Asker: 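Got a structure for you, questions after.
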Amino acid sequence: MAMQIIASQCTACGACEFECPNGAIRTKRGVYIIDAKLCTECKGQYDTPQCATVCPVDNTCVPL
């Protein structure tokens, strides 16, 4: 599985991009997106997906 960012809720703060250990998060046309091919939901590295942990808006980073 992978995580996804709900674009309509994203404030584009950028916190998630710097916390992603896989470099799976980037901006596209001013909105952050997660590359599903690179996202591992932080399994094997953290107990929870780091994008969801640092996001200031609840339920913006959710499983795909």
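Side chains are part of it too, since the values below use all heavy atoms of this structure and drop only hydrogens, waters and symmetry mates. Every value quoted in this text rests on a predicted model; they were computed, and no experiment measured them.
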Asker: Enumerate the side chain to side chain donor-acceptor pair (under 3.5 Å) contacts for residues 18-30, please, sequence neighbours excluded, ordered by first and then second residue.
Answerer: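 Side chain to side chain donor-acceptor pair (under 3.5 Å) check on residues 18-30 returns Asn22-Thr40.
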Asker: For the atom pair CG (Leu38) and SG (Cys20), what is the distance rounded to the nearest 0.5 Å?
Answerer: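 Here the rounded value is 8.0 Å.
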Asker: Sorted by first residue and then second, give each side chain to side chain donor-acceptor pair (under 3.5 Å) pair with at least one member in residues 2-11; sequence neighbours left out.
Answerer: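 As it turns out, the side chain to side chain donor-acceptor pair (under 3.5 Å) pairs with a partner in residues 2-11, which skip direct neighbours, are Gln9-Thr60.
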Asker: Sequence neighbours excluded, which residues qualify as side-chain contact (heavy atoms from CB on, under 4.5 Å) partners of Ala7?
Answerer: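 For Ala7 the side-chain contact (heavy atoms from CB on, under 4.5 Å) partners, ignoring immediate neighbours, are Val31.
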Asker: Got a sec, which pairs hit salt bridge (charged side-chain N to carboxylate O under 4.0 Å, His left out) with one end in residues 31-49, sequence neighbours left out?
Answerer: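 Every pair satisfying salt bridge (charged side-chain N to carboxylate O under 4.0 Å, His left out) with a residue in residues 31-49: Glu41-Lys43.
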Asker: Side-chain atoms of residues 48-58: list all donor-acceptor pairs with protein atoms under 3.5 Å, sequence neighbours left out, distances to 0.1 Å.
Answerer:
{"from": "Thr48", "atom 1": "OG1", "to": "Thr53", "atom 2": "OG1", "distance (Å)": "3.1"}
{"from": "Gln50", "atom 1": "NE2", "to": "Thr48", "atom 2": "O", "distance (Å)": "3.0"}
{"from": "Thr53", "atom 1": "OG1", "to": "Pro49", "atom 2": "O", "distance (Å)": "3.0"}

Asker: Quick one, Ile6 and Val62 - any side-chain contact, counting heavy atoms below 4.5 Å?
Answerer: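 Yes, side chains in contact.
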Asker: Check salt bridge (charged side-chain N to carboxylate O under 4.0 Å, His left out) between Glu17 and all other residues, then give those that pass, not counting sequence neighbours.
Answerer: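 Per chain and number, Glu17 pairs via salt bridge (charged side-chain N to carboxylate O under 4.0 Å, His left out) with no residue.
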Asker: Suppose clustering is done on Ile, Leu, Val, Met, Phe, Trp and Tyr with side-chain heavy atoms closer than 4.5 Å. Which residues sit in the same group as Ile5?
Answerer: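 When side chains under 4.5 Å apart are linked, the cluster holding Ile5 also contains Met3, Ile25, Tyr32, Ile34.
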